[in-house]
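Numbers here simply count residues along the sequence, with the first being 1. Everything numeric in this text was worked out from a predicted model, so none of it was measured.
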Amino acid sequence: MRYDLVIFDNDGVLVDSEPISNTLLAAYLTELGHPTSYEESLHDYMGAAMHRVHDVVEERTGQRLPADFDDVFHARVFAAFQRELEPVPGAVQVLEKLAADGVPYCVASSGSHERIRVGHRKTGLDRWFDEDRVFSSQDVGRGKPAPDLFLYAAERMGVRPQKCVVVEDSPLGVRAANAAGMDVYGFTAMTPAARLVGATQLFSDLGELADLLV
């Protein structure tokens, strides 16, 4: 393995949450008077921390979202996760392979620690991620596309950025990995390859990832 640490994004890479959360986000924004389609939600917010939703809406409309927006949205998302969430096909296999080979890995997500944990418990991925392997945008001042989260994860895991590879499915995540000086493998299962400009390599099947990293 040419890398000393594999850093996974969570939503859309390990858990198949992007269709659920973006459907609900588009519906909630529309309900609040900010008409948003599912496709627009994916384009504007996929891979971003919640503060980006607030920033974009205020920039475009001059209006602030309600103070309880995050709490209401997360309650809807977590309820849907309990009904529908599944691991991304291939996630279990790649984690098993990395663990068997003794390759260090972690997750660094724009989502909150609670969102990560809710998703991992529902999908059974929690067995692969103890607290020392879970990093959230909550841990740093700025979310993606700033490099802060990935740099923080590398520091906590004791690995130099140049020896890390990030697995991402969003343009914001690819930009963050580039800014951190890390290689980044762009996962194209939901995102057109053309939107992942800057990725070191592109792939479409998570089950093949471990072999690609060798």
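For the residue pair Arg2 and Leu213, the shortest heavy atom distance occurs at NE-O, 3.4 Å. Considering every non-hydrogen atom in both Asn22 and Met46, the closest pair reads OD1-N, 4.5 Å. The shortest non-hydrogen separation linking Arg133 to Tyr105 is NH1-O, 3.0 Å. Nearest heavy-atom pair across Gly47 and Glu18 is N-OE2, 3.9 Å. Residue Leu32 comes nearest to Pro66 through the heavy atom pair CD1-CD, 3.9 Å, listed as atom of the first residue, atom of the second, then distance. When all heavy atoms are compared, the tightest approach of Asn178 to Gly198 is ND2-O, 3.2 Å.
Aromatic ring orientation, Phe203 versus Phe187: parallel (interplanar angle below 30°, classes split at 30° and 60°). Relative orientation of the Phe69 and Phe73 rings is parallel, given thresholds of 30° and 60° on the angle between their planes.
By the criterion of side-chain heavy atoms lying less than 4.5 angstrom apart, applied directly or through intervening Ile, Leu, Val, Met, Phe, Trp or Tyr residues, Leu14 is grouped together with Val165 in one hydrophobic cluster. In terms of hydrophobic clustering, with Ile, Leu, Val, Met, Phe, Trp and Tyr side chains grouped at heavy-atom distances under 4.5 Å, Val174 and Leu202 are assigned to a common cluster. By the rule that hydrophobic residues join a cluster once side-chain heavy atoms approach within less than 4.5 Å of another member, Leu206 and Ile7 end up as members of separate clusters. Met182 and Leu172 fall into different hydrophobic clusters, where Ile, Leu, Val, Met, Phe, Trp and Tyr residues are linked whenever their side-chain heavy atoms come under 4.5 Å apart, directly or through other members. Residues Leu196 and Val6 are members of separate hydrophobic clusters, defined by side-chain heavy-atom contacts under 4.5 angstrom among Ile, Leu, Val, Met, Phe, Trp and Tyr.
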Item to check | Verdict with supporting geometry, Glu59 and Val56, side chain to side chain contact (heavy atoms under 4.5 Å, CB included) | outcome: CA-CA 5 Å; Glu59 178 183 318; Val56 169; 5.7 Å; no

Next on the checklist: Could you walk me through whether Gln82 and Val118 satisfy the side chain to side chain contact (heavy atoms under 4.5 Å, CB included) test, starting with their C-alpha distance in whole Å, then the side-chain angles of each, then the deciding distance to 0.1 Å, before giving a yes or no?
Outcome noted: CA-CA 8 Å; Gln82 294 301 330; Val118 167; 3.8 Å; yes

Next on the checklist: One pair to check against side chain to side chain contact (heavy atoms under 4.5 Å, CB included): His120 and Val107. What are the steps and the verdict?
Outcome noted: CA-CA 11 Å; His120 283 189; Val107 62; 4.3 Å; yes

Next on the checklist: Would Arg60 and Glu40 count as a salt bridge (Lys or Arg N to Asp or Glu O under 4.0 Å) here? Give the steps.
Outcome noted: CA-CA 14 Å; Arg60 290 177 176 173; Glu40 289 168 337; over 6 Å; no

Next on the checklist: Evaluate Asp169 against Arg195 for salt bridge (Lys or Arg N to Asp or Glu O under 4.0 Å), listing each step before the verdict.
Outcome noted: CA-CA 9 Å; Asp169 69 335; Arg195 296 201 64 216; over 6 Å; no

Checklist entry - Stepwise, does the side chain to side chain contact (heavy atoms under 4.5 Å, CB included) test hold for Tyr152 with Asp148? => result CA-CA 6 Å; Tyr152 176 75; Asp148 304 37; 6.0 Å; no

Checklist entry - Stepwise, does the salt bridge (Lys or Arg N to Asp or Glu O under 4.0 Å) test hold for Arg160 with Asp4? => result CA-CA 8 Å; Arg160 292 182 297 115; Asp4 293 344; 5.7 Å; no

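Inter-residue side-chain proximity for Arg64 and Val57 is flagged as unmet; no heavy-atom pair is nearer than 4.5 Å. In this structure, Tyr38 and Pro19 have side chains that are in contact, with non-hydrogen atoms separated by less than 4.5 Å. Between Val15 and Lys122 there is no side-chain heavy-atom pair separated by less than 4.5 Å. Two residues are said to be in side-chain contact when any heavy atoms from C-beta on lie closer than 4.5 Å; Val166 and Asp9 fail this criterion.
Atom OG of Ser17 and atom CG of Leu24 lie 11.0 Å apart (nearest 0.5 Å). One finds the NE2 atom of His51 at 10.5 Å from the CG atom of Asp70 (value rounded to the nearest 0.5 Å). The CZ atom of Phe8 lies 5.5 Å from the CG atom of Leu209; values are rounded to the nearest 0.5 Å. Atom CD1 of Ile20 sits about 4.5 Å away from atom CD of Glu84, to the nearest 0.5 Å.
In this structure, Lys144 pairs ionically with Glu168, as a charged nitrogen and a carboxylate oxygen lie closer than 4.0 Å. Remark: Arg156 does not engage Glu131 in a salt bridge, criterion side-chain N to carboxylate O under 4.0 Å. Taking a cutoff of 4.0 Å between a charged side-chain nitrogen and a carboxylate oxygen, Asp44 and Arg52 do not qualify as a salt bridge.
Tyr185 meets the ring pair (Phe, Tyr, Trp, His ring centres under 6.0 Å) test with no other residue; sequence neighbours excluded. Applying the side chain to side chain contact (heavy atoms under 4.5 Å, CB included) criterion to Asp132, with sequence neighbours excluded, gives Asp130. Here Lys163 pairs with nothing under the salt bridge (charged side-chain N to carboxylate O under 4.0 Å, His left out) rule; sequence neighbours left out.
Not a single donor-acceptor pair under 3.5 Å links the side chain of Ser41 to the backbone N or O of Ser37. A donor-acceptor contact shorter than 3.5 Å is absent between the side chain of Asp101 and the backbone of Val103. For Ser170 (side chain) and Gly173 (main-chain N/O), a donor-acceptor pair under 3.5 Å exists by modelled atom type. Judged by distance alone, the side chain of Thr30 and the main-chain N or O of Thr36 form a donor-acceptor pair under 3.5 Å.
For the 3.5 Å distance criterion, the side chains of Arg142 and Ser137 fail to qualify, holding no donor opposite an acceptor.
Considering Val72, Leu65, Thr23, Val77 in turn, Val72 is the only one that fulfils the side chain to side chain contact (heavy atoms under 4.5 Å, CB included) rule with Tyr28. Considering Ser110, Ser21, Ser109, Ser136 as possible partners of Arg115, the one that fulfils the side chain to side chain donor-acceptor pair (under 3.5 Å) test is Ser21.
Annotation for Glu155: atom CD does not count as buried by contact number, only 12 or fewer foreign heavy atoms lying within 6.0 Å. Other residues, nucleotides and ligands contribute over 12 non-hydrogen atoms within 6.0 Å of the NE2 atom of His54.
Taking the six-membered ring for Trp and the full ring otherwise, the centers of Phe135 and Phe150 sit at least 6.0 Å from each other.
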